[in-house]
Undergrad: 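Structure provided below as structure tokens; questions to follow.
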Amino acid sequence: MGVTAVASWLSLGEGSTPLVEARRTSGLHLKLEGLNPTGSFKDRGMVVAVERAAERGARAVVCASTGNTAASAAAYAARAGLEAVVLTPAGATAGPKRAQARAAGARVLEIEGTFDDALRLCRELGARDGFVLVNSVNPDRIAGQKSVAFEILEQLGSVPDVVALPFGGGGNVSAVAAGFAEAGVAPRIVVGEAAERATTWASAIRIGEPAHAEHVAELVAAGRVEVVTLSEDELRVAWSRLAHEEGAFCEPASAAGVAALAKLGIDDGVNVAILTGHGLKDTAAVGEPPAETVAATLDAVLEALR
Ligand code: F0G
């Protein structure tokens with residue numbers, strides 16, 4: 001079942017993202033969620049949440065965001081004819097994500113505080129008349145995001161041994177676990193979180209207090225989810241290898257599932273890593289080495305390549 005079965009008129013074609021086999025790690029499959037309409041997995045749930053908000057007569061949707069939720073909410077709000085209000089932690093989100101939100105006409109306010117402060121304010125704003133909160137504490141988001149589990153089963157044609165993904169606020173792991181449970185299967189689910197939650201280089205998961213912490217703890221206690229805590233180096237290495245060895249350029253946070261698999265030494269079986277966001281979301285992560293300028297002659301080019 002695709003997400004379009006739930007939401008139709010607002011769809012931008014979310015879901016049905018490629019599941020490709022890794023070339024360097026046998027049995028590993030990469031679910032390329034960066035190929036969603038706004039470049040991240042958020043679109044699967046956002047289309048449902050914004051559609052329901054519009055149908056309930058909302059004037060505006062509101063969200064706190066490290067960037068991707070903002071870009072997604074802005075796009076679907078624009079399409080639904082609603083306002084989008086976005087609160088982000090000041091100076092802590094990737095520029096292209098803020099650009100996406102602004103391009104779609106969202107009001108983007110940078111809060112002098114953390115993501116957790118922004119979420120607290122959005123919960124308060126969302127309780128006001130006319131506003132609907134579209135963070136993943138909104139159950140419509142989770143309902144839509146579950147679709148990735150059904151899709152993986154359909155594309156793989158079997159139940160994966162392990163499914164790995166990042167753990168920021170915990171909405172996505174909650175959705176993925178619910179999706180597999182609904183499908184009546186129980187792959188091992190491994191999630192990677194940054195040890196340095198509040199300051200990590202992987203800005204999408206720079207979240208000190210996960211909104212779904214309690215539910216994730218329940219999933220862990222029930223033996224359905226394992227949490228792997230990752231150093232900054234482990235995140236960087238996994239991210240860099242995905243681009244260098246697989247051509248899969250994702251944003252830093254998106255590599256947390258692969259980093260978790262590496263840390264646990266999982267290298268056989270049929271496994272799926274969900275790459276949650278596109279690399280173009282955070283080009284600053286690549287760094288800017290000095291440009292290599294050469295004369296416009298073949299000799300100069302060959303000389304530079306020696
Ligand atoms: N990967 C990416 C690319 C993300 O943007 C996020 C969360 C996650 C993973 C973690 O997912 O929070 O459901 O555990 N981004 C949110 C945002 C916080 O505002 O865009 P989670």
Side-chain angles (χ1 to χ4, degrees), residues 17 31-36 38-46 49 61-75 84 86-89 92-94 96-98 100-101 106 108 110-111 114-119 122 133-138 141-142 144-146 148 164-179 189-194 197-198 200-213 215-216 219 225 227 230 235 238-239 242 248-260 273-282 285:
T17 56
K31 181 67 171 156
L32 304 181
E33 287 289 280
L35 275 73
N36 273 296
T38 75
S40 86
F41 73 97
K42 305 284 180 180
D43 296 337
R44 291 179 183 272
M46 195 58 77
V61 295
V62 55
C63 65
S65 184
T66 57
N68 284 325
T69 299
S72 186
V86 167
L87 305 191
T88 66
T93 57
K97 299 176 184 177
R98 292 197 305 278
Q100 280 185 290
V108 181
E110 298 202 42
I111 298 298
T114 63
F115 170 82
D116 305 309
D117 294 322
L119 182 57
C122 282
L133 180 67
V134 292
N135 279 102
S136 66
V137 292
N138 178 331
R141 283 276 312 278
I142 304 294
Q145 277 174 218
K146 283 193 299 198
V148 73
L165 64 150
F167 170 23
N172 206 27
V173 54
S174 302
V176 166
I189 300 174
V190 165
V191 296
E193 69 173 350
R197 268 190 165 274
T200 178
W201 164 75
S203 65
I205 53 171
R206 199 177 285 156
I207 296 174
E209 299 160 32
H212 298 269
H215 183 56
V216 174
L219 291 170
V225 168
V227 178
L230 302 161
L235 281 166
W239 170 76
L242 278 165
F249 179 38
C250 61
E251 63 171 290
S254 299
V258 172
I274 303 178
L275 306 189
T276 47
H278 202 286
L280 292 174
K281 289 277 195 173
D282 190 357

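Both ligands and their constituent atoms are indexed starting at 1 by order of listing.
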Undergrad: Can you sort out the partners of Lys281 under salt bridge (Lys or Arg N to Asp or Glu O under 4.0 Å), two or more places apart, ordered by chain and number?
TA: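 Not a single residue meets the salt bridge (Lys or Arg N to Asp or Glu O under 4.0 Å) criterion with Lys281.
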
Undergrad: Which residue supplies the protein heavy atom nearest to atom 5 (O) of ligand 1, what is that atom called, and how far is it?
TA: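 Going atom by atom, the protein heavy atom closest to atom 5 (O) of ligand 1 ends up being Asn68 ND2, 2.8 Å.
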
Undergrad: Atom 12 (O) of ligand 1: which protein heavy atom is closest, and how many Å away?
TA: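 Going atom by atom, the protein heavy atom closest to atom 12 (O) of ligand 1 ends up being Gly169 N, 2.7 Å.
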
Undergrad: For ligand 1, which atoms have a heavy atom of Ser65 less than 4.0 angstrom away?
TA: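 Here the atoms of ligand 1 in question are 17 (C), 19 (O), 20 (O).
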
Undergrad: How does His212 reach ligand 1, by side chain, by backbone, by both or by neither, if only non-hydrogen atoms under 4.0 Å count?
TA: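 The answer is neither.
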
Undergrad: Only counting residues at least two apart or in another chain, list the ones meeting salt bridge (Lys or Arg N to Asp or Glu O under 4.0 Å) with Arg98.
TA: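 Scan of Arg98 (salt bridge (Lys or Arg N to Asp or Glu O under 4.0 Å), adjacent residues dropped) gives Glu110.
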
Undergrad: Could you give the distance from CG (Leu275) to CD (Glu251), rounded to the nearest 0.5 Å?
TA: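 It is 10.5 Å, given to the nearest 0.5 Å.
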
Undergrad: Check if Ser40 has a non-hydrogen atom at a distance under 4.0 Å from any atom of ligand 1.
TA: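 Contact check Ser40 vs ligand 1: negative.
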
Undergrad: Quick one: which ligand 1 atoms are inside 4.0 Å of a heavy atom on Thr66?
TA: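 Listed by number with element: 15 (N), 16 (C), 17 (C), 18 (C), 19 (O), 20 (O).
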
Undergrad: May I ask you to decide if Gly144's main-chain N or O and Arg44's side chain share a donor-acceptor pair within less than 3.5 Å?
TA: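 Absent.
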
Undergrad: Which atoms of ligand 1 sit under 4.0 Å from any heavy atom of Gly168?
TA: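 Contacts of ligand 1 toward Gly168, numbered from 1: 10 (C), 12 (O), 14 (O), 21 (P).
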
Undergrad: Side chain or backbone, does Ala253 bring an N or O within less than 3.5 Å of an N or O on ligand 1?
TA: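 N/O-N/O distance under 3.5 Å: no.
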
Undergrad: Select one of side chain, backbone, both or neither to describe which atoms of Ile207 lie under 4.0 Å from any atom of ligand 1, heavy atoms only.
TA: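 Answer for Ile207: side chain.
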
Undergrad: When you measure from atom 2 (C) of ligand 1 to every protein heavy atom, which one gives the shortest distance, and what is it?
TA: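 Checked against all protein heavy atoms, atom 2 (C) of ligand 1 sits closest to Thr276 OG1, 3.3 Å.
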
Undergrad: May I ask whether Ser136 has any heavy atom positioned less than 4.0 angstrom from an atom of ligand 1?
TA: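 It does not, in that no heavy atom of Ser136 comes within the 4.0 Å cut-off of ligand 1.
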
Undergrad: How close do Leu230 and Ala256 get, counting heavy atoms only, and between which atoms?
TA: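 Looking at all heavy atoms of both residues, the closest pair is CD1-O, 3.5 Å.
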
Undergrad: Please report which non-hydrogen protein atom sits nearest to atom 4 (C) of ligand 1, along with the residue it belongs to and the distance in Å to one decimal place.
TA: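 Here the closest protein heavy atom is Ala204 CB, 3.6 Å.
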
Undergrad: Report the distance from atom CG of Asn68 to atom CG of Asp282, rounding to the nearest 0.5 Å.
TA: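 Rounded to the nearest 0.5 Å, the CG-CG separation comes to 9.5 Å.
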
Undergrad: Quick one: does any side-chain atom of Asn135 pair with a main-chain N or O of Ala64 as donor and acceptor, under 3.5 Å?
TA: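 Yes, the answer is positive, given that a donor and an acceptor are paired below the 3.5 Å cut-off.
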
Undergrad: List the closest protein heavy-atom neighbour of atom 7 (C) of ligand 1: residue, atom name, distance to the nearest 0.1 Å.
TA: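 The closest heavy atom on the protein side is Lys42 NZ, 2.9 Å.
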
Undergrad: Is the shortest heavy-atom distance from the side chain of Glu33 to the side chain of Ser254 under 4.5 Å?
TA: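 No, every pair of side-chain atoms sits at 4.5 Å or beyond.
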
Undergrad: Which atoms of ligand 1 are found less than 4.0 Å from any heavy atom of Gly171?
TA: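 What qualifies from ligand 1 is 13 (O), 14 (O), 21 (P).
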
Undergrad: With heavy-atom distances below 4.0 Å as the criterion, list the atoms of ligand 1 near Ser254.
TA: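 By the 4.0 Å cutoff, the relevant atoms are 3 (C).
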
Undergrad: Determine the minimum heavy-atom distance between Gln100 and Ala71, stating which atoms define it.
TA: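 Smallest interatomic distance, heavy atoms only, reads OE1-CB, 3.3 Å.
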
Undergrad: What's the shortest distance from atom 13 (O) of ligand 1 to any protein heavy atom, and which residue and atom give it?
TA: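 Closest protein heavy atom to atom 13 (O) of ligand 1: Asn172 N, 2.8 Å.
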
Undergrad: How long is the span from the OG atom in Ser174 to the CD1 atom in Ile142, to the nearest 0.5 Å?
TA: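 The OG atom of Ser174 sits 5.5 Å away from the CD1 atom of Ile142.
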
Undergrad: Going by the angle between their ring planes, with limits at 30° and 60°, are Trp201 and Trp239 parallel, tilted or perpendicular?
TA: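 If you compare the ring of Trp201 with that of Trp239, the planes turn out perpendicular.
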
Undergrad: Relative to atom 8 (C) of ligand 1, which among Ile205, Ile142, Thr69, Val176 owns the nearest non-hydrogen atom?
TA: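 Residue with the shortest heavy-atom distance to the ligand atom: Ile205.
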
Undergrad: Tell me, which protein residue and heavy-atom name are nearest atom 11 (O) of ligand 1, and how many Å apart are they?
TA: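 I find the closest protein heavy atom is Phe41 CZ, 3.6 Å.
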
